[in-house]
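Have a look at the structure below, then the notes.
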Amino acid sequence: GGVLVSFATGKALSSSDFPDTSGRPHSVYGIWDKTAYTTMDIAALDDAATGLPRLRAQLVARTLTRQTSGDGFVEGIAINWASKMGWYVNLPATSEMVVSNLQVTSLKLLSVVSIAPPSGATSCSSAPDAYITFVDPITGLLNQNLMGELAVVVDGVSVKKRVASKKLASGDQMVTIAKDRTPKGT
């Protein structure tokens, strides 16, 4: 039992916050908040082995890889919930961060909008690059074909990967997710 808590890192409260020059990656997390935590005393919650998750070693890493087109895919191994407390994925672009609320869509996917400094020396805009990424909030992976597929070469073999991330039009950072409720013919 319990719930999975999803959150991401990043801030843009003042002009010095973005781009982030710290060099550390920003990430998206899905962490299991076990019901057992409600009955534990402070010492048990603080125990590194059985208490609240504090270290990335307690989570399973996901890898978000983006192509030059801005399309990206997420990969990772299955989570062994007996020994791991959730998942995390580092955002791939330098100084990329999340500065808006995560949303769960009607398709039960976690929607993440992130921003990164403009890419390319020919960028005519000072607006950041923006990306939208969808993953299953429980696994941190994309298990359905939502935005098409990419052909990626792995060890000399072309394989298909589900598109989990797309670069948005220049300057777009606000995304509204809508469901088509148009009545369909019978």
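Index from 1, following the sequence.
Between Asn90 and His26, the side chains place no donor N or O within less than 3.5 Å of an acceptor N or O (distance only, hydrogens not considered).
Using a 4.5 Å heavy-atom cutoff, the side chains of Leu4 and Ser6 are in contact. Taking the side chain as every heavy atom from C-beta outward, Met97 and Ile115 approach each other to under 4.5 Å. Under the 4.5 Å side-chain criterion, counting only non-hydrogen atoms from C-beta, Val28 is not in contact with Tyr88. Counting only heavy atoms from C-beta outward, the side chains of Lys161 and Val163 never approach each other to under 4.5 Å. Looking at Val104 and Leu109, their side chains never come closer than 4.5 Å, going by heavy atoms from C-beta outward. Under the 4.5 Å side-chain criterion, counting only non-hydrogen atoms from C-beta, Phe7 is in contact with Ile31. Between Phe73 and Gln67, some side-chain heavy-atom pair lies under the 4.5 Å cut-off.
Under the side chain to side chain donor-acceptor pair (under 3.5 Å) criterion, no residue pair touches residues 136-160, with sequence neighbours excluded.
Connection of Leu55 to Val60 is not established within any shared hydrophobic cluster, with ILVMFWY side chains joined at heavy-atom distances below 4.5 Å, either directly or through further cluster members. Val153 is not connected to Leu150 by any chain of hydrophobic side-chain contacts under 4.5 Å among Ile, Leu, Val, Met, Phe, Trp and Tyr, and they are in different clusters.
In terms of heavy-atom proximity, Gly10 sits nearest to Val99 at C-CG1, 4.3 Å. Shown here for Leu59 and Tyr29, the closest heavy-atom pair between the two residues is CD1-CD2, 3.8 Å. Closest of all the heavy-atom pairs between Leu142 and Ala164 is CD2-CA, 3.6 Å. Taking both residues in full, the closest heavy atoms of Arg56 and Ser27 are given as NH2-OG, 2.6 Å, listed atom of the first, atom of the second, then distance. In this structure, Glu75 and Leu141 approach most closely via the heavy-atom pair C-CD2, 3.6 Å. Looking at every heavy atom in both residues, Val74 comes nearest to Leu64 through CG2-CD1, 3.8 Å.
Partner of Pro19 under the side chain to side chain contact (heavy atoms under 4.5 Å, CB included) criterion, out of Pro128, Pro117, Pro118: Pro117 alone.
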- Report the C-alpha separation of Thr105 and Gln103 in whole Å, then their side-chain angles, then the decisive distance to 0.1 Å, and conclude whether the side chain to side chain contact (heavy atoms under 4.5 Å, CB included) test is met. CA-CA 6 Å; Thr105 71; Gln103 295 181 21; 5.6 Å; no
- For the pair Ile132 and Leu168, evaluate side chain to side chain contact (heavy atoms under 4.5 Å, CB included) and give the outcome as yes or no after the intermediate values. CA-CA 7 Å; Ile132 187 161; Leu168 301 173; 3.7 Å; yes
- Query: What do the steps show when you test Leu91 against Val98 for side chain to side chain contact (heavy atoms under 4.5 Å, CB included), and what is the final call?
  - Reply: CA-CA 9 Å; Leu91 299 171; Val98 176; 3.9 Å; yes
- Task: Dump the intermediate steps for side chain to side chain contact (heavy atoms under 4.5 Å, CB included) on Lys84 and Trp32, then the final yes or no.
- Result: CA-CA 9 Å; Lys84 296 295 181 179; Trp32 184 17; over 6 Å; no
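The structure places OG of Ser114 at 7.5 Å from OH of Tyr131, a figure rounded to the nearest 0.5 Å. In this structure, CG on Leu110 lies 10.0 Å from CD1 on Ile138, to the nearest 0.5 angstrom.
Looking at Lys167 and Asp129, a side-chain N of the basic residue comes within less than 4.0 Å of a carboxylate O on the acidic one, giving a salt bridge. We find that Arg66 and Glu96 are joined by a salt bridge, their nearest charged nitrogen and carboxylate oxygen being less than 4.0 Å apart.
With hydrogens and angles disregarded, a donor-acceptor distance shorter than 3.5 Å links the side chain of Asp17 to the backbone of Leu13. Not a single donor-acceptor pair under 3.5 Å links the side chain of Ser95 to the backbone N or O of Ala116. Here the side chain of Trp81 pairs no donor or acceptor atom with the backbone of Gly86 at under 3.5 angstrom.
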